[in-house]
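What's counted below: heavy atoms across the whole structure, side chains too, no hydrogens, waters or symmetry copies. Quick caveat, the model's predicted, so the values are computed rather than measured. Below, chains carry the letters A, B, ... as their sequence lines are ordered, and counting in each starts from 1.
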Protein chains: 2
Amino acid sequence: MAKGNKRISIHDLAAELGLSVSTISRALNNASDVSDATKAQVWALAEKLNYQPNSMAASLRSGRSNILGVIVPHINGAFFPAVVHGIERLASQAGFNVMICQSSEEVGREVAHIKALLKAQVDGVLVSMSNTTRDYDHFEQVRRKGIPLVFFDRMPEMPNVCGVVADDYRGAYQLMEHLIGQGCRRIAHLAGPQHLNITYNRHKAYHDALLAHGLPYDEQLVVPLANSREKAGAAAMRQLLDGRIRPDAVFAAYDFAAAGALQVLEERGIRVPQDMALAGFSNEPFTTMVKPQLTSVDQQGERMGEAAVHLFLQLQKRSDTFTGQRIVLKPKLVVRGSSLYGQPAFAAQAINGPPPGL
Amino acid sequence: MAKGNKRISIHDLAAELGLSVSTISRALNNASDVSDATKAQVWALAEKLNYQPNSMAASLRSGRSNILGVIVPHINGAFFPAVVHGIERLASQAGFNVMICQSSEEVGREVAHIKALLKAQVDGVLVSMSNTTRDYDHFEQVRRKGIPLVFFDRMPEMPNVCGVVADDYRGAYQLMEHLIGQGCRRIAHLAGPQHLNITYNRHKAYHDALLAHGLPYDEQLVVPLANSREKAGAAAMRQLLDGRIRPDAVFAAYDFAAAGALQVLEERGIRVPQDMALAGFSNEPFTTMVKPQLTSVDQQGERMGEAAVHLFLQLQKRSDTFTGQRIVLKPKLVVRGSSLYGQPAFAAQAINGPPPGL
DNA sequence: ATGAAAGCGCTAACAC
DNA sequence: GTGTTAGCGCTTTCAT
């Protein structure tokens with residue numbers, strides 16, 4: 001009984017009302033050249049019969065699917081979810097459905113997802129590369145089909161790519177100036193992969209800021225992170241502490257890594273920020289939950305998502321020329337207890353008192 | 001130049017090879033009744049011409065889209081991302097593409113998403129209700145179309161619904177027994193919405209466990225949370241502390257709320273767990289980053305996702321009878337510093353007497 | 001303002 | 001094993 005209802009189509013509506021299918025179609029799409037009376041009839045009947053349009057058929061015929069494909073490396077942490085949220089908001093406002101895929105940082109899955117999205121005839125593809133992606137053929141394929149392609153956050157080194165990024169260099173540079181301004185002189189860096197624009201830029205800003213302030217760049221103070229998670233941060237921190245030089249500040253390329261580092265520091269009885277300042281990157285919500293609260297850089301995830309959709313819509317309009325348009329978002333330094341010695345009112349607890357343990 | 005390539009279809013392949021379209025179709029789908037030689041030819045040419053199948057056309061014809069629709073309330077925190085991950089893994093293994101949608105806890109968006117998924121001819125819908133959903137018409141509509149519908153975590157009160165849930169009651173009960181076993185006697189509860197199965201069960205277990213151990217259930221010790229976030233937890237904690245009775249333990253229905261509560265306790269100089277034990281629910285990653293680490297209950301997100309897909313696949317096979325099948329996952333209590341008095345090495349300063357006044 | 005008719009690209013009987 | 005054929009449900013000229 002539940003399924004006897006054979007799907008009802010515009011033909012059924014047409015028959016019922018004694019109209020032609022084309023009129024029904026036009027009415028349903030609210031075309032301008034249908035009388036209001038007819039529209040009303042059609043809408044009413046559609047409602048009554050609980051008519052569900054078949055978007056497959058529509059897409060097949062029209063060539064437009066109204067689906068936007070999105071590929072993110074993962075949805076851990078708060079950043080990518082925020083971006084996705086921004087994308088969904090604006091896209092659905094523009095009448096698009098969004099198909100979200102996770103590459104889980106594997107090129108293989110990224111390629112597979114691109115393929116699936118193309119099969120699904122998406123009208124556009126928004127992607128943030130996986131960190132194992134070194135070859136860009138699959139992206140080129142999207143463009144070759146004339147389908148708008150927009151990157152966000154993690155961009156490939158391709159000619160004429162469109163995309164939106166946060167100014168990681170600037171954010172990291174500001175962060176470094178803050179640390180230096182706090183009196184730190186031997187700042188270490190827990191570095192992300194150098195083939196990705198984002199982490200490359202964070203590292204480069206670290207380097208440049210040091211030199212610009214007359215401080216040496218010491219490779220011993222730069223430890224690569226195996227990934228962006230806590231454990232990797234903890235491991236890197238241990239490696240750093242076991243080295244010859246003891247830094248007086250650590251800039252981790254990710255908040256999660258910073259959190260891992262923080263735990264190691266606590267284990268070893270090194271006070272933050274008194275003995276060592278600490279800062280991360282991304283402004284994850286948990287940065288305000290740990291003790292001391294973590295200084296970080298906010299990447300404006302939601303705005304990034306919106307900007308990406310914006311770019312897509314533009315590209316769709318004038319699909320002839322794929323100008324390598326880029327939008328660069330200004331990140332925001334968020335200073336908290338983990339890098340603040342002294343004065344500010346609310347940070348009073350940060351400085352006085354002996355170490356909290358014991 | 002980039003877009004002159006008019007899409008190539010099986011007709012092009014057929015013409016090029018002097019075969020019929022049906023043979024091409026069969027070869028492409030690796031049907032058993034095509035000679036290997038032909039298959040090889042077809043595959044080769046498809047590769048060479050970079051043929052992309054059009055899944056819209058295939059779906060329209062076959063009636064199967066191979067798309068699985070998923071609706072989650074949000075992707076904050078780690079739980080829903082974990083579920084989604086589980087879903088994607090198993091679904092893609094079974095040859096399905098996944099379309100993820102966020103309702104953002106708004107029924108309106110949930111309804112809209114259901115509509116869009118139906119239009120897109122999805123083969124099944126997996127959903128975790130928004131917390132503003134009180135009416136289930138849109139879900140019924142899915143079933144009425146004969147489309148497999150599976151809930152996870154948050155289930156509606158509908159007859160014969162299929163779904164997979166964690167045993168929140170059991171998890172919360174174990175948590176309560178742990179607290180009581182630790183000597184807590186005036187345990188408070190920061191409660192989630194009571195119209196949702198999950199938070200209702202957490203509350204009910206709180207209630208039942210108290211009575212079962214001869215402790216009174218006191219409404220003054222139950223404070224409703226405005227939502228699942230930190231701020232709400234902080235607000236509820238303040239309200240609790242401003243009340244007449246000072247609890248010696250707090251069980252928050254969400255980890256984020258517990259984190260907010262923890263901050264308030266710190267502000268007020270109330271030591272955790274010595275003065276007051278604290279526990280949350282979900283086992284978010286940040287529970288190990290805060291100090292003290294938070295006791296919580298793990299909900300097995302990834303397994304829940306896999307189970308949901310499993311149910312869907314079953315439903316799809318025997319679509320005649322919609323048995324109200326349910327899978328219940330056993331949650332896991334994770335005891336950490338926030339509720340541990342005594343022995344363990346690092347907790348040397350433990351106090352076991354009655355809670356210090358004030 | 002409405003209708004007729006031709007497909008979009010593919011699959012699935014049914015023939016041979 | 002391969003070919004023929006008839007649509008899936010809709011949009012979209014082109015008529016009227």
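Side chains of B:Ser104 and A:His85: a donor-acceptor N/O pair is present below 3.5 angstrom, by distance only. In this structure, a donor-acceptor pair under 3.5 Å is present between the side chains of B:Ser20 and B:Thr23. Looking at A:Ser35 and A:Thr38, their side chains do bring a donor and an acceptor atom within 3.5 Å of each other. Side-chain N/O atoms of B:Lys39 and B:Asn30 include a donor and acceptor closer than 3.5 Å.
Heavy-atom neighbours of A:His138 NE2 from other residues, nucleotides or ligands within 6.0 Å: above the threshold of 12.
Listed by residue number, the members of residues 54-68 of chain A with any heavy atom below 4.0 angstrom from DNA chain C are A:Leu60, A:Arg61.
Put simply, the side chain of A:Asn131 reaches to within 4.5 Å of the side chain of A:Arg154, judged on heavy atoms.
Nucleotide D:dT2 holds its P atom 10 Å from the CD1 atom of B:Ile24, rounded to whole Å. When the P atom of C:dC14 is taken as reference, atom CG of B:Asp33 falls 15 Å away, rounded to whole Å. Atom CD of A:Gln52 and atom P of D:dC8 are 19 Å apart (whole Å). Distance NZ (A:Lys119) to P (C:dC8): 21 Å, rounded to an integer number of Å. In this structure, B:Lys145 atom NZ and D:dG9 atom P are separated by 13 Å, rounded to whole Å. In this structure, the CD1 atom of B:Ile8 is 12 Å from the C1' atom of C:dG9, given to the nearest Å. Atom pair A:Arg26:CZ and D:dT16:C1' shows a separation of 12 Å (rounding to whole Å applied). Between the C1' atom of C:dA12 and the CG atom of B:Leu28 lies a distance of 15 Å, rounded to the nearest Å.
Remark: B:Tyr51 is not in phosphate contact with C:dG9, judged by side-chain N or O atoms under 4.0 Å from OP1 or OP2. Put simply, B:Thr23 has no side-chain N or O that comes within less than 4.0 Å of OP1 or OP2 on D:dT2.
In the set D:dC10, C:dG3, D:dT5, C:dG3 carries the atom at the smallest distance from any side-chain atom of A:Leu19. Looking at the side chain of A:Thr38, the nearest of the listed nucleotides D:dT4, C:dT2, D:dC10 is C:dT2.
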Problem set entry | Intermediate values then yes/no, side chain to side chain contact (heavy atoms under 4.5 Å, CB included), A:Phe96 and A:Val309 | CA-CA 10 Å; A:Phe96 287 89; A:Val309 174; over 6 Å; no
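Qualifying side chain to side chain donor-acceptor pair (under 3.5 Å) partners for A:Gln102, counting only residues two or more places apart in sequence or in other chains: none.
The pair A:Glu306-A:Arg303 fails the salt-bridge criterion, with no side-chain N (NZ, NE, NH1 or NH2) lying under 4.0 Å from an Asp/Glu carboxylate O.
The residue B:Ser22 sits close to a base: some heavy atom pair falls under 4.0 Å. Counting non-hydrogen atoms under 4.0 angstrom, B:Ser9 reaches the backbone sugars and phosphates but no base. Among the atoms of the strands shown, only primed sugar atoms or phosphate atoms (P, OP1, OP2) are found under 4.0 Å from some heavy atom of A:Ser35.
The overall bend of the helix from C:dA1-D:dT16 to C:dC16-D:dG1, read as the angle between its terminal helix axes built from five base pairs each, is 30° when rounded to 10 degrees.
When atom types are taken as modelled, the side chain of B:Asn97 and the backbone of B:Ala91 share no donor-acceptor pair closer than 3.5 angstrom.
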